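Heads up, the thing below is written out as structure tokens.
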Amino acid sequence: MISFKTRLKETIYERLKGVYPVAIEDLDMAPTPDPKMGDLALTFPFQLAKTLKKAPRAIAQEAAPLRSSLVPEEDKIIIEHTNINPNKAAHIGHLRNACLGDTLARCLRFKGEKVEVQNYIDDTGVQVVDVVFGFMELEKKTLDDLEKLPGKFDYYCWDLYARTSVYLGEHPEAQTKKAAIIKKIENGQDPEYALSRYVSRRIVRAHLATMRRLGIAYDVLPCESTILHLKFWEKAFDLLKERQAIYFAAQGENKGCWVMRLEEDEEREKVIVRSDGTVTYVGKDIAYQLWKFGLLGRDFYYEPFAEEDGRTLWISTSTPTPGGPGFGEASKVYNVIDTRQSYLQKIVVQGLRSLKYDTQAAKSVHFSYEMVALSPKSLKELGYAASEEEKERSFLEVSGRKGLGVKADDLLDRLEDKARAEIEKRNPGLPTDEKQRIARDIASGALRYFMLKFARNSLIIFDFDEALNFEGETGPYLQYTVVRLNSIFRKLKERDGVAESDIVPPTDGRALLPPGLSEKETADFWGLIVAAASLDEEVLRSVAGLEFSHLAKFAFLLCQKFNGYYHKYPVLAEENKEVKAFRLLTIRTTKEQLQCALALMGIPLPERM
RNA sequence: GCGCCCGUAGCUCAGUGGAUAGAGCAGUGGACUUCGAAUCCAAAGGUCGCAAGUUCGAAUCUUGCCGGGCGCGCCA
């Protein structure tokens with residue numbers, strides 16, 4: 001019991017010290033004047049209030065030390081996320097990746113870190129080749145035809161990719177043709193090369209547009225094609241050989257390959273270079289990871305790819321371009337990739353260790369998460385014809401190859417449609433463009449919260465009804481809470497001419513808590529303010545565990561608390577001036593923390609809804 | 001076979017060795033002439049997969065078992 005009390009006191013202290021100047025000894029004043037309040041949990045607010053009455057002036061500083069615990073630890077952090085193969089539309093699985101990665105970036109920036117966000121583009125992989133094959137062999141289309149294709153190109157390729165996959169499965173002899181296309185793309189020969197480039201670039205632009213709907217942006221797009229042209233792998237290969245991180249298998253099942261022995265099992269080995277001399281996926285990944293840390297001794301060139309809000313998004317190129325920006329050379333790297341890649345990510349890190357880059361190996365973080373799957377109900381809604389075997393299962397994996405999945409833009413469209421209908425019910429008089437803006441914000445908020453509320457190791461079995469819900473533990477609930485708060489301040493300005501920024505703690509020596517405030521309200525106030533003050537702690541905890549469901553849950557619980565307060569205590573109608581001022585200060589403090597939490601989750605805040 | 005993950009209310013999920021295990025959804029009953037009801041209040045709903053162990057104390061840590069998922073390519 002003693003240790004429990006100590007822990008409790010420490011926790012309370014940790015939460016309060018950022019906001020209010022209390023010493024842990026103040027919390028230690030255990031005996032209460034009234035034996036009825038012998039419970040520590042009940043007395044601490046009173047103890048604090050007492051302390052604060054002695055030094056109310058200090059409360060004015062409450063906002064300043066809030067971020068004192070947020071200090072940067074790294075020189076520069078690279079986050080790699082999204083990484084969608086540029087051969088089809090983005091789907092809900094990609095959305096989970098991008099939402100997690102973007103939230104990590106926002107939280108690290110909040111902490112004060114220098115963050116660089118990279119979205120790796122595999123523009124020469126077999127997935128793009130499949131679509132090129134589809135255009136050439138199945139549709140007999142030229143580059144000119146592609147340029148004239150109207151509408152959503154990523155959607156078009158989604159269907160074509162699925163059709164091509166079926167075709168290639170049924171025609172094994174077509175593999176020779178496919179292999180020839182791969183070769184020509186590698187050698188930069190047209191029309192194959194031009195087609196692959198057109199497809200990948202146009203689809204990357206589609207992905208960027210989709211992510212932009214969610215407020216997700218990037219700093220740089222490193223391309224696989226550039227890595228090939230600039231011979232990153234060859235440089236890494238020399239390093240690996242020189243430091244004996246890999247060795248040539250003269251016999252055995254991997255005869256003729258360059259392999260790496262696995263740390264966990266000396267008997268097993270992973271092929272890095274095939275017997276035909278080509279490099280595997282893991283090999284290329286090791287080279288890329290080395291580049292991120294500035295250990296490769298080679299670099300990309302860059303050219304502008306797009307402008308977003310006055311910020312330039314750069315793409316890698318092998319053509320020397322003087323005066324371009326510099327990327328890479330991070331001290332820590334987060335790779336946001338789903339849990340199925342855990343084994344390969346482990347090998348990449350082992351590659352760094354084998355090269356004696358232990359520091360960088362320790363700072364290579366695989367931010368893993370479970371996949372998004374589809375419920376049988378969702379399958380039905382998508383009109384997917386499941387096989388007998390698939391019908392037996394309780395969920396199905398999203399599969400681009402099968403063309404099975406909920407496309408990101410489709411889901412966002414449906415969320416927007418529903419939001420617009422709700423707005424129409426509540427605020428029919430608003431201008432159409434404003435309704436559209438609000439609908440977009442609500443759709444984005446609903447989706448981002450949905451992707452964040454699950455723990456990362458939890459498999460999301462996607463269900464439309466659940467994702468389209470705007471009530472209860474959802475993004476719109478959080479948005480609505482803050483919108484109502486803002487509306488109080490808007491009315492305050494209209495009625496009393498008082499601006500929100502004028503709501504500050506008393507500076508004339510008066511107590512923060514007005515005299516005669518009820519015990520119930522005092523307790524509710526402290527409950528709210530202590531919760532609001534733990535934002536920093538929650539952000540740090542979320543980052544440390546890469547568990548942003550903590551942040552989501554924190555914001556939701558704070559909203560719940562606030563909504564309870566909102567219903568109980570009128571603000572603008574309160575006649576006692578001191579009580580009114582106190583309540584205004586309470587809700588302003590809460591609102592600031594809430595707005596911060598929403599911004600960290602990338603949930604936009606409409607003015608009305 | 002080996003490795004990783006999951007199993008908590010009807011459903012979807014939180015839960016940092018600590019107090020009577022919590023939310024949302026669905027269902028039940030209630031609250032809009034008030035700062036916005038996308039809200040709030042109330043009741044109801046649990047062998048925390050099973051078993052043993054560690055501990056003053058286990059949903060949480062360890063081991064075994066059961067059930068489900070994902071990995072373990074000279075694919076990417």
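Since this is a predicted model, take the numbers as computed values, not measurements. When reading the values below, keep in mind they use all heavy atoms of this one structure, side chains included, and skip hydrogens, waters and symmetry mates. First the proteins, then the strands, lettered A, B, ... as listed; each starts at 1.
For A:Pro222 against A:Asn119, the heavy-atom pair with the smallest separation is CD-O, 3.4 Å.
Nearest nucleotide to the A:Arg541 side chain, out of B:A23, B:U16, B:C25: B:U16. Distances were taken from every side-chain heavy atom of A:Ser275 (C-beta onward) to each of B:U39, B:G36, B:C74; the shortest belongs to B:C74. Comparing B:C70, B:C72, B:A76 against the side chain of A:Met371 picks out B:C70 as the nearest. Nearest to the side-chain atoms of A:Thr280 among the listed nucleotides B:G69, B:A76, B:C72 stands B:A76. Comparing B:A37, B:U16, B:A38 against the side chain of A:Ile442 picks out B:A38 as the nearest.
B:A59 is unpaired under the criterion used here, namely a Watson-Crick or G-U wobble arrangement in which both key atom distances are under 3.5 Å. In this entry B:C2 has B:G71 as its Watson-Crick or G-U wobble partner, both defining distances falling under 3.5 Å. Across all strands shown, B:A42 pairs with B:U28; the Watson-Crick or G-U wobble distances both stay below 3.5 Å.
Within 4.0 Å (heavy atoms only), A:Leu485 reaches no atom of the nucleic acid at all. A:Ala455 comes within 4.0 angstrom of sugar-phosphate atoms only, judged by non-hydrogen atoms across all strands, and of no base. Among the atoms of the strands shown, base atoms are found under 4.0 Å from some heavy atom of A:Leu572.
For A:Asp524 and A:Lys568, the salt-bridge test passes: some basic side-chain N is under 4.0 Å from an acidic carboxylate O.
Using bins of under 30°, 30° to 60° and over 60° for the plane-to-plane angle, the ring pair A:Phe462/A:Phe450 lands in the perpendicular bin.
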